[in-house]
Amino acid sequence: MTDLKTRGLVIVGCGKMGSAMLKGWLANGLAPSSVTVIAPRPSAWLQSVEGLRLNAMPDTPPAMVMLGVKPQIMPDVMPDVARFAGGQTLFLTVAAGLPIAFYEAALGARTPLVRAMPNTPSAIGRGITAIVGNGAADEADLDLCERLLGAVGQVVRLEGESQMNAVAAVSGSGPAYVFHLIETLAAAGEAEGLPADMALKLAKATVGGAGALAEESDMLPSELRVQVTSKGGTTAEALKVLMDAQTGFAPLLKRAVRANINRSEELAK
Ligand SMILES: NC(=O)C1=CN([C@@H]2O[C@H](COP(=O)(O)OP(=O)(O)OC[C@H]3O[C@@H](n4cnc5c(N)ncnc54)[C@H](OP(=O)(O)O)[C@@H]3O)[C@@H](O)[C@H]2O)C=CC1
Ligand SMILES: O=C(O)[C@@H]1CCC=N1
């Protein structure tokens with residue numbers, strides 16, 4: 001972390017995900033003066049952060065370069081960061097789909113690189129990020145990423161890169177599925193006569209509260225579900241619909257996760 005403070009962190013591409021992470025890091029004490037952001041159209045928030053260096057690549061190799069552009073843009077930015085390849089700078093990428101081999105083709109296999117899959121709850125310190133390093137990334141490199149990413153949530157280390165697309169489909173994109181659950185639960189409540197603002201408040205608090213309970217409880221989610229489900233009561237009737245083997249959540253989410261992975265595989269081509 002001292003190295004990060006003295007030699008600096010360069011973030012190339014700081015949109016929704018990069019900003020969520022940067023907000024968390026700054027809130028956790030990372031000095032803006034240690035951070036350079038390369039962004040063609042910096043947001044009002046980025047421009048408002050005092051001390052942050054904008055759109056001026058450092059002359060000397062930073063401790064870390066974080067690549068936060070879309071996978072489709074990644075080939076365009078590699079020539080700009082290749083000057084830091086070779087070993088002095090650790091590269092951290094958050095892009096979905098693109099394999100380690102893509103970066104090694106541009107930066108060389110001796111450049112330490114960590115591929116990460118974060119999620120946007122990082123903005124409030126409740127993210128979860130999975131990481132995997134290339135052959136040149138040593139334990140200290142993984143530790144540094146784990147500490148940095150640990151400042152904005154939990155970190156898990158993958159056994160291999162082959163797990164990354166499934167992680168993206170579960171926790172990387174997962175917040176979007178949950179936000180859609182909130183939207184649709186609220187809409188269903190509204191359709192049954194609740195005022196829109198009340199339905200949304202009920203749905204948000206229910207998903208937030210149930211998520212927190214699932215995380216904090218010693219019980220499995222399936223056991224917590226059973227606790228809500230009174231014999232002969234109302235929940236059981238709803239669960240008959242949601243747990244239908246053909247049309248319920250399980251086959252629906254399986255299809256959604258598979259569609260997500262298919263897209264990651266396309267992005268890798
Ligand atoms: N959003 C999420 O929840 C997650 C995203 N990711 C990954 O994070 C990456 C970014 O996604 P996301 O933040 O959603 O996308 P955004 O479009 O919000 O962010 C990408 C940023 O890169 C900027 N950019 C475009 N071209 C360049 C360039 N040549 N140099 C520097 N910056 C550039 C864009 O600027 P402008 O808009 O002005 O063009 C934009 O601000 C993706 O690779 C994605 O796979 C991973 C996990 C979760
Ligand atoms: O939608 C995407 O491609 C990115 C990756 C995970 C979440 N957002």
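Just so you know, ligand 1 is whichever comes first in the structure, and atom 1 is the first atom listed for that ligand.
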Determine yes or no for a side-chain-to-main-chain donor-acceptor pair under 3.5 angstrom, with [X] supplying the side chain and [Y] the backbone.
X      : Y      : value
Ser173 : Ala169 : no
Glu223 : Leu220 : yes
Asn28  : Ala151 : yes

- Message: Under a plain distance cut-off of 3.5 Å, with no hydrogens placed, do Ser171 and Asn119 share a side-chain donor-acceptor pair?
- Response: no

- Polar contact flag, side-chain donor to acceptor under 3.5 angstrom, Glu265-Asn165: no

- Query: Got the residues with a heavy atom under 4.0 Å of ligand 2, by chain and number?
  - Reply: Ala96, Gly172, Ser173

- Item | With Gln47 via side-chain hydrogen bond (donor to acceptor under 3.5 Å, both in side chains) - residues at least two apart | none

- Quick one: side-chain hydrogen bond (donor to acceptor under 3.5 Å, both in side chains) partners of Lys231, sequence neighbours excluded? none

Check ligand 1 against the protein and report each N/O to N/O distance under 3.5 Å, formatted as atom name, atom name, distance.
residue, atom, partner, partner atom, Å
ligand 1, 13 (O), Lys16, N, 3.1
ligand 1, 13 (O), Met17, N, 2.7
ligand 1, 15 (O), Lys70, NZ, 3.2
ligand 1, 18 (O), Lys16, N, 2.9
ligand 1, 18 (O), Lys16, NZ, 3.0
ligand 1, 38 (O), Arg41, NE, 3.1
ligand 1, 38 (O), Arg41, NH2, 3.2
ligand 1, 39 (O), Arg41, NH2, 2.9
ligand 1, 43 (O), Val69, O, 2.7
ligand 1, 45 (O), Ala96, N, 2.9

- Item | salt bridge (Lys or Arg N to Asp or Glu O under 4.0 Å) between Glu266 and Arg263, worked out | CA-CA 5 Å; Glu266 278 170 19; Arg263 181 59 184 145; 2.9 Å; yes

- Over all heavy atoms of both residues, which pair between Met21 and Pro118 is shortest? Give the atoms and the distance, please. SD-CG, 3.9 Å

